[in-house]
K.L.:
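The structure's right below; bear with me while I get my questions together.
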2 protein chains.
Amino acid sequence: MRDKPAGETRAADVLHRMRADIISCVLKPGAKLRFEGLRDMYAVSFSTLREALSRLVAEGLVVAEDQRGFVVAPVSIADLNDLTYVRVLVERECLGLAIKHGNDGWEADIIGSFHRMDRLQTRLGSNYYLSGEWGKLHGDFHFSLVAACGSPNLLEIRQKLFERAHRYRRMSSQFRPKWRAKDVEHKMIMDSVIARDTAKAQELIERHIRETTENVIKHAGHLFDAADEAPHTRSDHVAAE
Amino acid sequence: MRDKPAGETRAADVLHRMRADIISCVLKPGAKLRFEGLRDMYAVSFSTLREALSRLVAEGLVVAEDQRGFVVAPVSIADLNDLTYVRVLVERECLGLAIKHGNDGWEADIIGSFHRMDRLQTRLGSNYYLSGEWGKLHGDFHFSLVAACGSPNLLEIRQKLFERAHRYRRMSSQFRPKWRAKDVEHKMIMDSVIARDTAKAQELIERHIRETTENVIKHAGHLFDAADEAPHTRSDHVAAE
DNA sequence: CGGTTTGATTTTTTCGAAAATCAGCCATAC
DNA sequence: GTATGGCTGATTTTCGAAAAAATCAAACCG
């Protein structure tokens, strides 16, 4: 399911593969990205690599140090907390708009994508969250919830934030044998969305995001370089909300 | 003030110059970006151009059509309205956080950047808004208001949205001889921010953004290809707010 | 001994030619 | 008359070598 250089330009293909590798931590946070190695890994030339890297820089998954090459964007508790804060803001807004504007087709897509995710979950058994396939369906489900939002710009921002958060989720999933009652939460969120209960849906999605963050910090926080800049704490943000 | 390839990589320099040219509409919305022409214009090679273009794609100022080259991101009333909607959401949030977290240095920076902008304004006379220099100071002033926001991610999103909006403002400024009472508005916003009146500051910044958008549509709307996709109207968003 | 300069090596960045792809056009067939 | 198939020229995309810059370490002073 991962190979489709069909009609796609080579650079775009490398972009997709590298993004996936960064999100799934095959390329570890903070790792130096040397061209020689990447060239072997993805079988493309310097320039093509550089193009993919450049786009990832603008997406925030890679940082470029002037004349010193590229590095996988580092992770930190401060960044995760900030990301969570922004995500709550954006996701709530998207959800509110989607519930307002969504039609029957939108509802059908939600139910469909939930079903696909749920089925794969039972098929894969207790380790479903380690599967890249499930990760994709999980992303699709969350997207379907807000798809009818009507604001292309907000949706695009949301998508990029979601992907960056996915990297943090992924980091903790290797430590966490069972992924809480996430499946139950998803069902509750879906139900409240379909019932057009905006306040409840927003409350649930916020809790969903916040609790996931707490779990990541609890189980994988020790992996982050705590020696990072921490200009503010989470409680600041919560209070501001 | 525009030339500083000091310590900067060549590609980054081209990136800055192209971004400025797109924002100031030297490169017109929807224009096809042919490599041959760009190579002469910026005096760099294909690969370097491609790198800059790629970053601009991820920033939303350029769109890449698979295997058919690059195009300056088109403008449309739908996009402007959507942009305005997201900007109001983000800018209000940033401002609220900044007022909450800001310290004395932050206030001083606001006053300083307002003063710089104001001085240049009187020095340039009635056509100040056409100057790129003023455009920069105007951007600096607005940034200074939210600089203490404390959320790097939100600030980065804000910055990109601001730049895209600047392109729209620029399109209308050539038609509009006098730029309303914008300078008075800036003063009022600054005063309410320094007075830490969150609600008032947010209200003022929202009006500031919304009225600018209305003016752009009124005076330059006829330039946009109205034949664009328009999945929703502005009133949708306003109502949702 | 601490600190700076120099030179060799590694790594990044830039370049323009070569390959791949697209767009328009005409000939041909049905 | 319309559609299909291949040409040709223009444009994009990819490539790896060459240039520029950084890194590391040994040699060199104060």
Side-chain angles (χ1 to χ4, degrees), chain A residues 2-22 26-74, chain B residues 2-22 26-74:
Chain A
R2 158 45 37 67
D3 51 313
K4 42 162 163 178
E8 228 175 18
T9 177
R10 186 92 73 135
D13 180 49
V14 174
L15 172 68
H16 291 326
R17 280 161 48 203
M18 276 188 75
R19 178 162 42 212
D21 286 345
I22 291 173
V26 171
L27 297 170
K28 299 209 178 65
K32 184 100 181 55
L33 293 169
R34 287 203 188 71
F35 281 83
E36 205 68 44
L38 294 179
R39 209 168 69 83
D40 300 340
M41 192 164 172
Y42 297 102
V44 287
S45 70
F46 293 126
S47 326
T48 307
L49 270 177
R50 182 162 268 274
E51 180 175 340
L53 257 341
S54 298
R55 295 204 193 192
L56 289 170
V57 167
E59 283 183 33
L61 288 172
V62 165
V63 308
E65 311 185 285
D66 238 24
Q67 238 122 11
R68 283 187 212 178
F70 298 84
V71 171
V72 178
Chain B
R2 160 45 32 75
D3 51 313
K4 43 164 160 176
E8 227 175 20
T9 178
R10 184 96 68 138
D13 180 49
V14 174
L15 171 68
H16 291 325
R17 280 162 47 205
M18 275 188 77
R19 179 163 39 213
D21 287 344
I22 290 174
V26 171
L27 296 170
K28 298 206 179 67
K32 183 98 182 55
L33 294 168
R34 285 201 190 71
F35 281 83
E36 204 68 42
L38 294 178
R39 209 168 69 84
D40 300 341
M41 192 166 173
Y42 297 101
V44 287
S45 69
F46 294 125
S47 325
T48 306
L49 269 178
R50 181 161 269 272
E51 181 173 340
L53 256 342
S54 297
R55 293 203 195 193
L56 290 171
V57 167
E59 282 184 34
L61 289 173
V62 165
V63 307
E65 311 186 285
D66 238 24
Q67 236 121 17
R68 285 188 213 176
F70 298 84
V71 172
V72 179

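In what follows, every heavy atom counts, from backbone to side chain, and hydrogens, waters and symmetry copies are set aside.
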K.L.:
Within the pair A:Arg50 and C:dT12, is there a side-chain N or O less than 4.0 Å away from OP1 or OP2?
P.N.:
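Negative; the distance criterion is not met.
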
K.L.:
Tell me: CG of A:Leu49 to P of D:dT14, nearest whole Å?
P.N.:
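Taking atom P of D:dT14 as the reference, CG of A:Leu49 is at 11 Å.
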
K.L.:
Closer than 4.0 Å, any side-chain N/O of B:Thr9 to the OP1 or OP2 of C:dT12?
P.N.:
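No, no such contact exists.
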
K.L.:
Looking at every non-hydrogen atom in both residues, tell me the closest pair between A:Gly30 and A:Val71 and how far apart they are.
P.N.:
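Closest approach of A:Gly30 to A:Val71, heavy atoms only: O-CG1, 3.3 Å.
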
K.L.:
At under 4.0 Å between heavy atoms, what does B:Arg34 touch on the DNA or RNA strands: base, sugar-phosphate, or nothing?
P.N.:
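B:Arg34: backbone/sugar contact only, no base atoms under 4.0 Å.
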
K.L.:
Give a yes/no on whether any side-chain N or O of B:Lys32 is located under 4.0 angstrom from OP1 or OP2 of D:dT11.
P.N.:
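B:Lys32 to D:dT11 OP1/OP2: no side-chain N or O under 4.0 Å.
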
K.L.:
Between B:Leu33 and A:Ser47, which has a closest nucleotide on DNA chain D that is more 5'?
P.N.:
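Closer to the 5' end of DNA chain D: B:Leu33.
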
K.L.:
Can you tell me the distance, in whole Å, between the CG atom of B:Leu38 and the C1' atom of D:dT13?
P.N.:
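The answer, rounded to whole Å, is 15 Å.
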
K.L.:
May I have the distance from B:Arg55 (atom CZ) to C:dT13 (atom P), rounded to whole angstrom?
P.N.:
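Whole-Å distance recorded here is 9 Å.
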
K.L.:
Could you check whether A:Phe46 gets within reach of a base, just the sugar-phosphate, or nothing at all, counting any heavy atom under 4.0 Å?
P.N.:
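Base, at least one base atom sits under 4.0 Å.
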
K.L.:
Report the C-alpha distance between B:Tyr42 and B:Asp21 in whole Å, list the side-chain angles of each, state the deciding distance to 0.1 Å, and finish with yes or no for side-chain contact (heavy atoms from CB on, under 4.5 Å).
P.N.:
CA-CA 11 Å; B:Tyr42 297 101; B:Asp21 287 344; 2.6 Å; yes

K.L.:
Begin with the C-alpha distance, continue with both residues' side-chain angles, and end with the deciding distance and a verdict on side-chain contact (heavy atoms from CB on, under 4.5 Å) for B:Arg50 and B:Leu53.
P.N.:
CA-CA 5 Å; B:Arg50 181 161 269 272; B:Leu53 256 342; 5.5 Å; no

K.L.:
Which nucleotide sits closest to the side chain of B:Arg68: D:dA21, C:dC22, C:dC15?
P.N.:
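Side chain of B:Arg68 sits closest to C:dC22.
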
K.L.:
Would you mind reading off the distance between B:Glu65 atom CD and C:dT21 atom P, rounded to a whole angstrom?
P.N.:
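Distance check: B:Glu65 CD to C:dT21 P gives 18 Å.
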
K.L.:
Whole angstrom is fine here: how far is it from CD in A:Glu36 over to P in C:dT12?
P.N.:
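Roughly 9 Å, once rounded to whole Å.
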
K.L.:
C:dG16 C1' sits how many Å from B:Asp40 CG, rounded?
P.N.:
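Taking atom C1' of C:dG16 as the reference, CG of B:Asp40 is at 14 Å.
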
K.L.:
Tell me the interatomic distance from B:Phe70, atom CZ, to D:dT12, atom P, rounded to whole angstroms.
P.N.:
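Rounded to whole Å, this separation is 9 Å.
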
K.L.:
Which listed nucleotide (D:dT14, C:dT12, D:dA21) is nearest to the side chain of A:Gln67?
P.N.:
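Of the candidates, D:dA21 comes closest.
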
K.L.:
Could you walk me through whether B:Met18 and B:Leu61 pass the side-chain contact (heavy atoms from CB on, under 4.5 Å) test, one step at a time?
P.N.:
CA-CA 10 Å; B:Met18 275 188 77; B:Leu61 289 173; over 6 Å; no

K.L.:
Let me see the working for B:Val44 and B:Glu51 under side-chain contact (heavy atoms from CB on, under 4.5 Å), right down to the final yes or no.
P.N.:
CA-CA 11 Å; B:Val44 287; B:Glu51 181 173 340; over 6 Å; no

K.L.:
Grab the CG-C1' distance between B:Asp13 and C:dT13 for me, whole Å please.
P.N.:
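For the pair B:Asp13 CG and C:dT13 C1', the rounded distance is 14 Å.
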
